[in-house]
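Before any comments, here is the structure.
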Amino acid sequence: MKHLLKMSDLSKEEIISILDLADQLKYEQKNHIPHPLLAGKSLGMIFQKSSTRTRVSFEVGMYQLGGQALFLSSNDLQIGRGEPVQDTARVLSRYLDGIMIRTFAQKEVEDLAAYGSIPVINGLTDYAHPCQVLADLMTIREKYAALEGIKLCYIGDGNNMANSLIVGGLKMGMKVAVAAPEGYHPDPAVLDFAAGNPDFLLTGDPALAAADADVVYTDTWASMGQEKEKAERLKAFAGYQVNEELLKNAKPGAMVQHCLPAYREQEITEDVFEVHADELFEEAENRLHVQKAVLVKLMGEEQR
Ligand code: CP
Ligand code: NVA
């Protein structure tokens, strides 16, 4: 594994190996066992969009691994004034040991990887959010001890989260059901990937998607960059809310997951959010552990 650009780049074995290392690093961190596996290494973090979890978890993760992280806002980089990503990649490769980038176009992340000579990690694009899905898989595996055969339903926008959950979930042998309105379906490349897989369902009916689900997942109806579409999106997604009524279709005790930030009374009710707060914030915490595992796999000298 040279980069983490999207879930389809990872094999099932690579995902398992990341999750196993993440579990181990979580154990070591909780038990105050130092693990300076990236001593002396530097990660550059380019942000063209806002972030709470991604920025803080990568920055703290690099510190816990004995390295450092540099926060590089695109407003301050020359990239924000038009320096090509190809040149940025070649320059940063001379200083850094790895780059994490959060941006709009998936192509920019792919170009960064193609032109640079160091590992690139996708910290969210309009197309994919692989770091989040690895944390989700870790959290689900913590609860159910396995992923194979677990049913995840995703309710709402066929966005970056839906795209990555479909690919990641199906790769791990999960059943994935997506309920999304017409016009807001997941990316065609992802639907091609899932086509013909009996474990995949795309429907306009949230109750059907949620039937017997072990995990009920949702995300904002208006992602970063879609702020102007907010009013029309609120209308399009009415009926796609994760609430008590919808959860009656899922298995009793089903998990609720959300990548956060969450918008109460839109994609999820306040009640459901608070009842499931522990598992939602465990999911957020697991960003730290799983990303440390990814960093070690990509930037570590000795592979763990
Ligand atoms: N879930 C997630 O990526 O959160 P941030 O936008 O806060 O980084
Ligand atoms: N779909 C959301 C996820 C935020 C973590 C967005 O892209 O804004």
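Start at 1 and go down the list; that is how both ligands and their atoms are numbered.
Scanning the protein heavy atoms around atom 2 (C) of ligand 1, the nearest turns out to be Arg287 NH1, 3.3 Å. For atom 1 (N) of ligand 1, the closest non-hydrogen atom of the protein is Cys259 O, 2.8 Å. The protein heavy atom nearest to atom 8 (O) of ligand 2 is Met224 N, 2.8 Å. Closest protein heavy atom to atom 7 (O) of ligand 2: Asn160 ND2, 2.8 Å. Atom 7 (O) of ligand 1 has as its closest protein heavy atom Thr52 N, 2.7 Å. Atom 3 (C) of ligand 2 has Asp219 OD2, 3.6 Å as its closest protein atom, hydrogens excluded (heavy atom only). The nearest heavy-atom contact from the protein to atom 4 (C) of ligand 2 is Leu124 CD1, 3.8 Å. The protein heavy atom nearest to atom 4 (O) of ligand 1 is Arg53 NE, 2.8 Å.
Contact annotation for Leu260 and ligand 2: only backbone heavy atoms (N, CA, C, O) come within less than 4.0 Å of the ligand.
The distance criterion of under 3.5 Å between nitrogen or oxygen atoms is not met by Arg102 with respect to ligand 2. The shortest N or O to N or O distance between Arg55 and ligand 1 is not below 3.5 Å. Between Leu260 and ligand 1, a contact under 3.5 Å exists for at least one N or O pair. Checked against a 3.5 angstrom limit, the closest N/O atoms of Leu124 and ligand 1 fall outside it.
Between Phe273 and Thr269, every side-chain heavy-atom pair lies at or beyond the 4.5 Å cut-off.
Glu108 and Gln48 share a donor-acceptor pair across their side chains, judged by distance under 3.5 Å alone. Between the side chains of Gln257 and His276, no donor N or O sits under 3.5 Å from an acceptor N or O. Donor-acceptor pairing under 3.5 Å is lacking for the side chains of Lys6 and Asn122. Side-chain contact of Asn243 with Asp271: a donor-acceptor pair under 3.5 Å is absent, judged by distance alone.
Considering CD1 of Ile99 and CG of Leu112, their distance stands at 4.5 Å, rounded to 0.5 Å.
Ion pairing between Lys175 and Asp212 fails under the 4.0 Å rule for side-chain N and carboxylate O.
Taking the ring axis of Phe104 as reference, the NZ or CZ atom of Lys49 stays within 45° of it and closer than 6.0 Å to the ring centre.
If you check each of His129, Arg102, His258 against atom 6 (O) of ligand 1, the one with the closest non-hydrogen atom is Arg102.
Aromatic ring centres of Tyr240 and Tyr184 lie farther apart than the 6.0 Å criterion allows.
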